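Following: one structure in structure tokens, then a few remarks.
Every chain is numbered from 1 and lettered A, B, ... according to where its sequence line falls, protein lines coming before strand lines. Bear in mind that the values here come from a model prediction, so they are computed numbers and not experimental data.
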Number of protein chains: 2
Amino acid sequence: MNQRNIISFETLRVACKNCSVGALCLPLGLEPEDIGRLENIVKRTRPLHRGDFLFRDGDRFRSLYVVKTGSVKSYAPSAEGGERVLGFHLPGEIIGLDAIDKDAHACSATALETSALCEIPFPRLEELSTVIPNLQRQMYRLLSKEIGNETEMLLLLGKKSAEERLATFVLNMSKRLQKRGLSPTDFHLSMSRHEIGNYLGLAVETVSRLFTRYQDDGLMVVDRKHIQLIDLDGLETLSNGSGPTRQQQRN
Amino acid sequence: MNQRNIISFETLRVACKNCSVGALCLPLGLEPEDIGRLENIVKRTRPLHRGDFLFRDGDRFRSLYVVKTGSVKSYAPSAEGGERVLGFHLPGEIIGLDAIDKDAHACSATALETSALCEIPFPRLEELSTVIPNLQRQMYRLLSKEIGNETEMLLLLGKKSAEERLATFVLNMSKRLQKRGLSPTDFHLSMSRHEIGNYLGLAVETVSRLFTRYQDDGLMVVDRKHIQLIDLDGLETLSNGSGPTRQQQRN
DNA sequence: ACTTTGACTTGATCCAGATCAAAGCTTGCC
DNA sequence: GGCAAGCTTTGATCTGGATCAAGTCAAAGT
């Protein structure tokens with residue numbers, strides 16, 4: 001009885017510790033005691049539904065957000081109503097790091113499907129990280145990793161062909177899902193072809209044609225948003241531009 | 001006499017405080033006393049000459065570097081000997097932030113001209129930033145700003161035309177030089193056309209043709225690596241893609 | 001069952017910018 | 001000075017992927 005009370009108390013209070021994505025998130029590398037301190041400043045947001053905004057371009061920066069379940073897309077609205085997709089965020093990934101410097105969001109973020117998120121008020125996180133060195137270290141790592149990810153994207157947009165881009169994208173999804181304990185070869189894409197194309201700097205039609213081609217070549221089976229990867233090695237080869245079609249850009 | 005001694009002592013010990021780029025660099029927002037503590041861990045490297053390496057792809061990550069004078073290019077060497085230019089670094093800019101996460105450099109950095117740099121051993125900086133909250137804050141800002149810069153580049157590579165890219169690049173240089181107290185309209189590019197093209201995802205020939213066109217259109221005067229901007233507004237318009245030639249990408 | 005709506009696919013055509021080719025310029029070195 | 005090696009420019013051609021233009025298909029309402 002006493003035992004049960006303790007358990008239910010723990011279940012209520014301890015969230016990060018039991019969170020399925022904790023190992024990918026902020027708590028990584030923290031002592032249990034420090035995770036407790038972190039939990040005290042983390043808030044749960046009410047679930048977002050498809051299309052709901054997490055924040056908008058120009059909003060004052062207050063908090064970082066972590067996807068708990070579902071997925072989020074961030075994008076820069078352009079003057080003429082167009083948009084430019086900057087990223088897709090899966091469970092465990094942190095959103096808003098780019099806003100720290102300017103104290104305002106430079107992009108918008110909306111849910112791609114029903115999603116749950118954690119909100120971490122940044123001033124409190126900053127404070128906490130001055131007294132928990134491991135948290136500071138983790139923050140540096142996360143910020144640095146984000147830079148690394150963007151550098152990867154620069155590589156992709158700067159010199160990869162359409163074929164390489166989409167293969168890279170699909171593999172990247174596969175790897176990120178795997179880290180979250182999901183199947184790396186059988187998954188659902190929560191974003192539209194249009195959004196994928198926009199993200200990769202390609203036209204929708206090109207994305208569509210490539211999915212068809214990959215399927216014809218036996219690399220994957222595509223059924224609308226459901227993807228089954230058949231030949232991971234083949235995709236890897238494609239994504240590195242060593243395919244037979246590949247011609248080296250002189251640059 | 002006593003006075004002179006103090007002065008020369010100060011001159012030796014105090015470096016950041018008198019540094020011409022201090023206001024753009026790590027000391028920004030620190031108390032004089034804390035700047036002193038920062039100076040204690042900063043080392044000066046021997047000057048690098050054109051082509052010298054600051055670090056190479058794969059090197060263990062030990063330090064961040066700040067350009068003091070000159071300029072540095074960072075790039076990702078690709079398997080087949082090609083390279084992909086990731087950035088050009090001017091005085092006051094910090095190099096190596098992307099390596100914190102993996103504890104290894106994922107790109108190489110070489111001097112574009114004779115350059116002086118400051119080396120900041122990261123473990124010591126990390127330590128120091130746990131006891132100087134303002135330093136921690138400045139680190140978060142710098143990392144975040146770097147993310148913002150890369151996002152800008154994603155925008156550029158993902159949806160801008162060649163014309164817009166080069167105009168954006170030239171204006172970006174202009175603004176960065178201005179922040180350093182140099183002329184925003186009359187400057188020297190330390191990198192080759194090839195490197196500019198590679199950085200912007202364009203062929204050398206395209207870069208060359210565009211410079212010629214800009215000059216013909218009276219936007220700037222180009223003499224080899226020496227650039228004089230004539231019509232900043234015109235360039236700004238071009239860089240935003242509102243030019244008459246511009247057609248909206250549907251994405 | 002029938003329309004509407006929006007996302008996706010497929011085919012035909014077009015074009016910005018890459019690639020190929022060939023000079024001009026600079027710079028450095030013997 | 002003169003020659004070689006790189007840069008840079010300029011012209012001609014080619015092509016990957018964008019655009020334009022019809023469909024096709026699935027889910028949701030009527």
Query - Rounded distance in Å - NZ (K225(B)) to P (dG6(D)) - result: 15 Å

**Report entry** Residues R180(A) and E93(A) bridged, charged N to O under 4.0 Å
**Finding:** yes

Query raised in the report: Between the axis at one end of the helix from dA1(C)-dT30(D) to dC30(C)-dG1(D) and the axis at the other (five pairs apiece), what's the angle to 10 degrees?
Result: 30°

Requested in this report: Assess the side chains of D186(B) and H226(B): does a donor N or O sit below 3.5 Å from an acceptor N or O?
Outcome: yes

Query raised in the report: Do R209(A) and dT19(D) share a donor-acceptor pair, side chain to base, under 3.5 Å?
Result: yes

Report task. Mind calculating the distance between CZ (R193(A)) and C1' (dG17(D)) to the nearest angstrom? Result -> 18 Å

Query raised in the report: Out of dT19(C), dA21(D), dT26(C), which nucleotide sits closest to the side chain of R224(B)?
Result: dT26(C)

Query raised in the report: Do the side-chain N or O atoms of T206(A) get closer than 4.0 angstrom to the phosphate oxygens (OP1, OP2) of dA18(D)?
Result: yes

Query raised in the report: Rounded to the nearest Å, what distance is computed from the CD atom of residue E205(A) to the P atom of nucleotide dC15(C)?
Result: 16 Å

Query raised in the report: Is S208(B) near enough to dT10(D) that one of its side-chain N or O atoms lies under 4.0 angstrom from OP1 or OP2?
Result: no

Report task. Rounded off to whole Å, could you give me the NZ-to-C1' distance for the K159(B) and dT19(D) pair? Result -> 16 Å

**Report entry** Atom-pair distance (CG on D223(A); P on dT9(C)), nearest Å
**Finding:** 10 Å

